[in-house]
Protein chains: 2
Amino acid sequence: MRTALAVIDRDGVAGLTMRKFGAELGVDPMAVYYYLPDKGALFDAVVEAVLDEVGLPEPAPGATWQSVVWDACQRLRTVLRRHPHTVPLIGTRPVLTPRTLASSDLLIRQLVDTGLSAPEGLRILTCARAYTLGHLLVEVGVPAGPPPEANVAPAEVMAAYPALAAGMAQGYDPDGQFDLGLRALIDGLGGR
Amino acid sequence: MRTALAVIDRDGVAGLTMRKFGAELGVDPMAVYYYLPDKGALFDAVVEAVLDEVGLPEPAPGATWQSVVWDACQRLRTVLRRHPHTVPLIGTRPVLTPRTLASSDLLIRQLVDTGLSAPEGLRILTCARAYTLGHLLVEVGVPAGPPPEANVAPAEVMAAYPALAAGMAQGYDPDGQFDLGLRALIDGLGGR
DNA sequence: ACCTGAACACCGTTCAAGT
DNA sequence: ACCTGAACACCGTTCAAGT
């Protein structure tokens with residue numbers, strides 16, 4: 001799976017081919033089918049490898065639910081920025097293996113330890129995870145298929161959209177932008 | 001593009017094939033290349049068609065920035081729920097055509113009219129859009145490649161993850177879950 | 001038990017050719 | 001100007017066969 005993930009990091013999801021995967025392993029491409037039923041299973045295995053890299057939250061004695069959620073989302077973001085092509089995969093393929101279930105279970109347990117109910121904890125986690133994945137999707141999202149030719153609108157085009165241009169004048173700081181929204185989301189969830 | 005979108009709705013993004021697209025139009029598959037340079041351009045055209053369906057915000061005289069953002073996200077969600085397969089496309093392909101730029105520009109102008117600065121408005125929009133797309137991705141996200149075989153963990157498996165099981169006991173209400181997070185995000189952004 | 005190789009039904013894209 | 005059809009270099013997957 002390290003090999004598969006490396007291929008995706010290099011060539012994108014569409015670039016991970018059963019045939020290329022076999023070749024990369026120095027094996028007949030069809031040998032893969034002895035271990036995996038189909039390409040979906042390969043994707044799921046990659047997703048699990050990435051989630052493994054995210055790892056488990058450390059037990060923090062003085063933690064609040066705010067800090068637990070904040071840390072979990074920052075950890076997820078850090079790892080997914082190393083594997084940008086996998087973001088749509090992570091958001092899209094529900095992997096229900098012991099390791100991923102145990103990770104969610106531990107997070108909820110930590111939230112319950114801070115005083116939340118389990119359903120409250122799950123709802124809050126779901127919100128924060130959605131925001132984190134969505135931000136990553138638009139931030140590092142790699143286009144499906146061939147990329148568009150012009151990625152940035154030239155200045156004379158933007159002149160026709162003054163409000164948008166004024167909004168973009170200060171530049172774009174991905175980390176600051178992400179933190180702003182996560183902070184706001186957690187703050188707002190406090191008044192639940 | 002209505003045809004292309006209909007094929008995606010029916011067969012998924014991977015199911016939209018240059019050859020099938022041509023056949024659906026009753027034309028030689030290669031005729032498409034007279035109008036579009038490659039498959040990426042076809043995706044971009046589909047994205048634009050979906051964003052057109054989202055349409056423009058109505059001018060609301062008594063609007064607050066909160067109501068403008070809320071309405072824009074709800075409109076986006078409503079349309080994307082009709083076209084679930086396009087969610088990763090929307091999040092991932094930046095389409096910089098006059099129609100989509102005009103739409104962003106109008107939204108920011110509405111936000112500025114409520115007293116925000118243009119950069120503030122853009123930051124808030126970016127947060128809300130990320131949350132909306134992320135929620136849609138995990139909510140309606142259609143797996144890339146063949147779907148996993150078992151989609152729901154059986155009860156006896158969940159017994160090993162009591163906190164998670166307790167969190168899921170009340171069931172999952174997508175609309176309520178989405179509204180909760182959007183409300184919280186907007187509330188939290190108020191303290192900026 | 002684990003791997004190979006041929007085969008089938010597909011892809012996106014190019015290019016010369018038709019009307 | 002607009003469309004066709006053959007061709008090329010790929011895909012995922014099946015299946016019989018090898019060791």
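Protein chains get the first letters and strands the later ones, always in sequence-line order, with residue 1 at the start of each.
Shown here, C:dG18 forms a base pair with D:dC2; the pair counts as Watson-Crick or G-U wobble because both key distances fall under 3.5 Å. In this structure D:dT13 sits in a base pair with C:dA7, meeting the Watson-Crick or G-U test at under 3.5 Å.
Residue B:Ile124 is grouped with residue A:Leu180 when hydrophobic side chains (ILVMFWY) are merged at heavy-atom distances under 4.5 angstrom, including chains of intermediate members. In the hydrophobic clustering of this structure, B:Leu96 does not group with B:Leu106; members are Ile, Leu, Val, Met, Phe, Trp, Tyr whose side-chain heavy atoms approach within less than 4.5 Å, directly or through other members. No single ILVMFWY cluster, assembled from side-chain heavy atoms under 4.5 Å apart, contains both A:Leu56 and A:Val69.
Here the closest heavy-atom approach between residue A:Ala63 and residue A:Val68 is recorded as CB-CG2, 3.9 Å. Minimum interatomic distance between A:Thr86 and A:Leu80 (heavy atoms only, all atoms of both residues): OG1-CD2, 3.9 Å. When all heavy atoms of A:Ala128 and A:Leu185 are compared, the closest pair comes out as CA-CD2, 3.7 Å.
Closest-nucleotide positions on DNA chain C for A:Arg19 and A:Ala31 were compared, and the one nearer the 5' end corresponds to A:Ala31. Both A:Tyr34 and A:Asp28 lie near DNA chain C, and the one whose nearest nucleotide falls closer to the 5' end is A:Tyr34.
A:Tyr35 comes within contact range of the sugar-phosphate backbone alone, with a heavy-atom separation under 4.0 Å but no base atom that close. Nucleic acid contact class of B:Met18 (heavy atoms, under 4.0 Å, all strands): sugar-phosphate only.
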When you look at B:Val32 and B:Leu42, which way does the side-chain contact (heavy atoms from CB on, under 4.5 Å) test go after all the steps? CA-CA 9 Å; B:Val32 178; B:Leu42 179 56; 5.5 Å; no
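Nucleotides of DNA chain C lying under 4.0 Å from heavy atoms of chain A occupy a range whose first and last members, 5' to 3', are C:dA1 to C:dT13.
Within residues 1-12 of chain A, no residue has a heavy atom under 4.0 Å from DNA chain C.
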N/O donor-acceptor pairs under 3.5 Å from side chains in residues 12-25 of chain B, not counting sequence neighbours:
{"unit_1": "B:Lys20", "atom_1": "NZ", "unit_2": "B:Asp11", "atom_2": "OD2", "d": "3.0"}
{"unit_1": "B:Lys20", "atom_1": "NZ", "unit_2": "B:Gly15", "atom_2": "O", "d": "2.8"}
{"unit_1": "B:Glu24", "atom_1": "OE2", "unit_2": "B:Arg10", "atom_2": "NH2", "d": "2.8"}

